[in-house]
Amino acid sequence: MKSQDYNPKKIETKWQKEWEKKKIYKTADAGKKFYALVEFPYPSGDGLHVGHPRPYIGMDIIARKKRMEGFNVLFPMGWDAFGLPTENYAVKTGLHPKIVTKKNTDNFRKQMKMLGFSFDWSREVNTTDPEYYKWTQWIFLKFFEKGLAYKAKSAINWCPSCKIGLANEEVISGNCERCGGLTEKREKEQWMLAITKYADRLDKDLDLVDYPERVKIQQRNWIGKSEGSEIEFKINPTPAPPKGEGEFGYHTTDSKTWKVLQGRVLEMRKNATEAEDILWQSLRKNLMGYHFRRQQIIGNFIVDFVCLEKSLVIEVDGDIHDYQKKEDGERTEFLKQRGFQVVRFRNEEILSNISGTLEKIEEHLKALPFGEGLGGVKVFTTRADTLFGVTYVVLAPEHELIKNLKLKITNYNEVEKYVEEVKNKSELSRTNTSEQKTGVELKGIKAINPANNEEIPVWVADYVLPQYGTGAVMAVPAHDERDFEFAKKFNLPILEVVVPDRVDFKNPPQRGKKNIPRRTVQVVLRRPSDGKIIILHWKHNSWKTLIIGGVENGEDLLQAATREVQEETGYKNIKFIKKLGDMYAEYFASHKNENRRAYATGFLFDIIDEEKNKISIEEKSKHEPVWLSVEQAMKIVIGVEPPIFLTRLEQNSWFYDGEGTLINSNSFVGLSSKEARKKITEFVGGKIVTKYKLRDWIFSRQRYWGEPIPLVYCENCAKQTCQPGRSTCLNAGWVPVPEKDLPVKLPDIKNYKPTNTGESPLTAIEKWVNTTCPTCGGKAKRETDTMPNWAGSSWYYLRYCDPENNKEFASQKKLDYWMPVDWYNGGTEHTTLHLLYSRFWHKFLYDLKLVPSSEPYKKRTSHGLILGENGEKMSKSRGNVINPDGIVKTYGADTLRLYEMFIGPFDQDAPWSTESIIGVRRFLERMWRVALLAKDFFGPRVALRAQPDTQKSSANSAILEKLLHKTIKKVGEDIEKMSFNTAISAMMILMNEMEKSNKVTIKDYKIFLKLLSPFAPHIAEELWQRSQTSKKSPKSDFKSIHLESWPEYDEAKIKDKEVKIAVQINGKTRTELAVPADITKEQVCVKALELPAVQKWLAGRNPQKTIYIPGRILNIVV
RNA sequence: GCCGAGGUGGCGGAACUGGAAUACGCGUCAGCCUUAGGAGCUGAUGUCCGCAAGGACUUGUGGGUUCAAAUCCCACCCUCGGCACCA
């Protein structure tokens, strides 16, 4: 007998037929259930490559094991067959996509069957089958019914080469996911699904499911939940223009007069009466939210107070202003003409009853319509605590306010030009953060910071995105990188309002750097002495090392600094040539093009006794890093404030985007960022809101090969439901196709070519398009857009539960039994696509009480890719595709299955290596041989080889039994962890020992066959059946190994009685020692000290300490 | 830039609840077998020094903690995947 007798080709097809005939994988609908799911493939014309089966094999192993453990397992397969490649192929060849799909699925099925998967093929589904997409359409109509499907004009991502609109999820940094071409923005009417309505639950419910952490994180990032405040900034016209510019659009006069008047204004402000002062202090506090100015020039006059939004003038009459009295009549007349109302108060009235005065003013304000006030702009911010640091407001170029204020914006031409430029910029260059920021100020208007009533400029800039938040931001250049850059470039003021907190020394941040404030440095102190040097190794937006050193004999400061840095960092070409304040800059510059490996070290010191407000530096024997804020570090070394670095900061050379304590914020000074966010939002009348990055799902595609959207448009109905001026016109005129008329089938057409106008090829089929309205019976047109590929896959796992049902998408009873999916394996590339979409659909169906669980998948795992032999992603265009057919032909399906599982960790990518396959094939041949070695296999044992080295083998029956039980344990546990590679390795070890031992019993061998059967089902079945034939005839009572029970191990048999321990001297292994497993430490020590090797290494010294790790190590320290 | 995964022999990888690093497999070398090639079988195989016994070094880099570190801590470098001006 020879190993060549193992003929995979013969046995594999034999058993595949037999299993199919006996229907051993047919699923029942009762018992202890286990639903194992893999992503169903898109059946492309190229067939499977070796990467495809990897996840199927993995889940097949799990499904098989679960079956052997007595579960009723649902492990189905189907086809996600709508999609572009098939359609493109149809365009090219004129073949109907249906035919192409049939051909492709037949091929895929054949290939899969060749690999021996235990799919229940009786439950196969196909998304392009009208009986299937009937229910896809039905679910869509439910979305429509509930108002979650709506048609909206939106800028969509358009791929000019595929001629198709793409969902945001399908655009990869500005490029089309399929063809890689650049996408552009196009305005188009599209069907949308309101996935954003579920954003919060899609985020929150991730807590309920067992997904890999990275998948959860990626979904959370994609949903992009952020809590913040919405705050309104009032917009006013600019009051006083710069000299000489004030003619049109302002209330002021020519520049000459303005100058004279302005002089008088200043004088008046200086000599304000007590009453004026009191009133101003009240008015400036933003009375009722309106903004007042004092001593405002209007025409040739100066008014005391004015609220421009309401065109209300307030005059205070007193003796000091008597010289103006003669003008008053004339002035009131002028103001009336300009639309101002004038209210007068006397000094005494204000002084005696300020609250009464304010009440009167409020009444006037309430009564008046909005005048010159220009409304407001809402901004969204997560950092309301920095509101006092807002020095300008920025609008997205698309912001409607810009158009609305066309007449008020004095440089509208310039603004318009800028907006146009931005529109023509590609998405890519617009979101390119490395490019310099651009923008234009909107002249003629100002925004009012609601926190302090300051007037601040309004800008338009494309770094503000229209889709997120409100399309407008409040800019806080001191505390935001983008605002900082922008402010630097356009010379806008920077005001610091948050300072980082000091580090709490009792609880310093220790693990990781997550909770360490940004402006914190690790301090490494080195021989502090009188002549101090401090160097902050400070990286952009991050933090690095602080080096502190002393001046040695004869050195000046610069030489000492140079030496210190060279010593500490190894940067040999750094030289300090300027005074202390510039050292940092010099160092930073040279650091950039240097080898950054070296890192400062030195003696470490414990720092600071804060309570005594005295700094004490003490050397400690243990080397622990110490965390300090920059300020603290400065204080230690220089002892006085302000240190160099802070001076630079105050000159606006840096920003701080962390949290901390408020400064420069009126009554909020001293609050923490967290508290201040709430209180300031409240103070300015803003509200706390939650925003998401997630956007609604663009659900229409202008292509043929997809599910038709089951709606018709009826103009008659549109007129009836939608009266002009009413806002209820959403989806007006769109009428759902009645349930009884579903499915709306795709018509057969000849030309599948998409049009350049972006319309579906279906538009041309007039017979199909023109129909009657189900509601009014009048003329109506069908929707010609189809659904995206992600539609059918969003619910397919439900259909598997009840694939033949033609009354419901699946019966409640069966859904109750099978759902949720117990284990779903798929690719990471679907994390923000299919996985998110199907969770959304499922939650929607759950809300309609149509499915029993709020989440579709209890557990999700993902597999790594199999790369080409060159380590690149396997693809036709790279020419590195390996076809499984050839591999199966040469080596057999079992070998391929084993190899793909042995290649590396299941969840990691691994390069294919045809050369290495032979290893697992040899393993199968070896086990085949050993089967024939096993006692009683075919009657008396056949000695296969005369082994000259048999005596070398130590494997006696007891050892073999122990190993067998260890292997049972390991294989079982590894399958659950998807550590298939180590499971196989364990079986190889067992087999190597079995072969050597010559003492294999049929009983043990059969246990091994069970362990192997999920991995290599064919060879396991063949040998299993052969082992049965020795006693019985095979055909009489065939029972597949795959329906046998999974073996159990005996914990007692795994325990070692005698163990080898390593004997170490000072942590280095010098020899080993065999001892009973339950030996005490004392006994081990005695034995060990007798060993010659130990004697040698001790060299007469006495052990100081011994450490014994039972069964493993004895370490003797001298 | 941010988030995530990873870096161990010539290669895929194992060990990561701190306890003998390199299991298992590929490749390579030597031997057996064979008319030959292939396949198969047996043995060796981290690096350096050494005739050998033996010793030293070694898990991306530099430090630290520990009797003991691939594993824990700090910093840095590189590769891959995702996001990318998200206020």
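Computed from heavy atoms alone, side chains included, the values below leave out hydrogens, waters and symmetry copies. All values reported here derive from a predicted model rather than from experimental measurement. Below, chain A is the first sequence line, B the second, and so on; all start at residue 1.
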pair_partner(B:A5), Watson-Crick or wobble, both distances < 3.5 Å, evaluates to B:U79
Just call it for A:Arg220: base, sugar-phosphate, or nothing, with non-hydrogen atoms closer than 4.0 Å on any strand. nothing
### Message
I'd like to know if A:Lys378 and A:Glu232 make a salt bridge, using a cut-off of under 4.0 Å between side-chain N and carboxylate O.
### Response
no
Run the salt-bridge test on A:Lys966 and A:Asp1056 with the 4.0 Å N-O cut-off and return the result as yes or no. yes
Judged by whether its glycosidic angle lies within 90° of 0, B:G25 is anti
Scan A:Thr1106 against the nucleic acid and name what it touches under 4.0 Å (heavy atoms): base, sugar-phosphate only, or nothing. nothing
Is any NZ, NE, NH1 or NH2 atom of the basic residue among A:Arg878 and A:Glu872 found under 4.0 Å from an Asp or Glu carboxylate oxygen of the other?
yes
Is any side-chain N or O of A:Lys437 under 3.5 Å from a base N or O of B:C85, one able to act as donor and the other as acceptor?
-> yes
- Message: Check A:Lys691 with A:Glu227, please: is the shortest side-chain N to carboxylate O separation under 4.0 Å?
- Response: no
Numerically ordered, the residues 979-987 of chain A set in heavy-atom contact under 4.0 Å with RNA chain B is A:Asn981, A:Thr982, A:Ser985
For a quick check of understanding: with a heavy-atom distance under 4.0 Å over all strands, which category does A:Arg482 fall into, base, sugar-phosphate or nothing? base
Quiz item: Which part of the nucleic acid, if any, lies within contact of A:Val1117, taking any heavy atom under 4.0 Å across all strands shown: a base, the sugar-phosphate backbone alone, or nothing?
Solution: sugar-phosphate
TODO: Please work out which of the three classes, parallel, tilted or perpendicular, describes the rings of A:His834 and A:His830, given edges at 30° and 60°.
DONE: perpendicular
Original post:
Across the strands shown, which category fits A:Ile217 at heavy-atom distances under 4.0 angstrom: base, sugar-phosphate, nothing?
Top reply: sugar-phosphate
Is it true that A:Glu925 and A:Arg929 have a side-chain N and a carboxylate O under 4.0 angstrom from each other? no
I'd like to know whether the aromatic ring centres of A:Phe486 and A:Tyr463 sit less than 6.0 Å apart in this structure.
yes
Residue set satisfying side-chain contact (heavy atoms from CB on, under 4.5 Å) with A:Trp1097, at least two apart, ordered chain then number -> A:Ile1065, A:Arg1070
Within residues 864-871 of chain A, the residues having a heavy atom closer than 4.0 Å to RNA chain B are none
request  = Select base, sugar-phosphate, or nothing to describe what A:Glu1072 touches, counting heavy atoms under 4.0 Å on all strands.
outcome  = base
The nucleotide from B:G55, B:C86, B:G25 with an atom nearest the side chain of A:Arg695 is B:C86
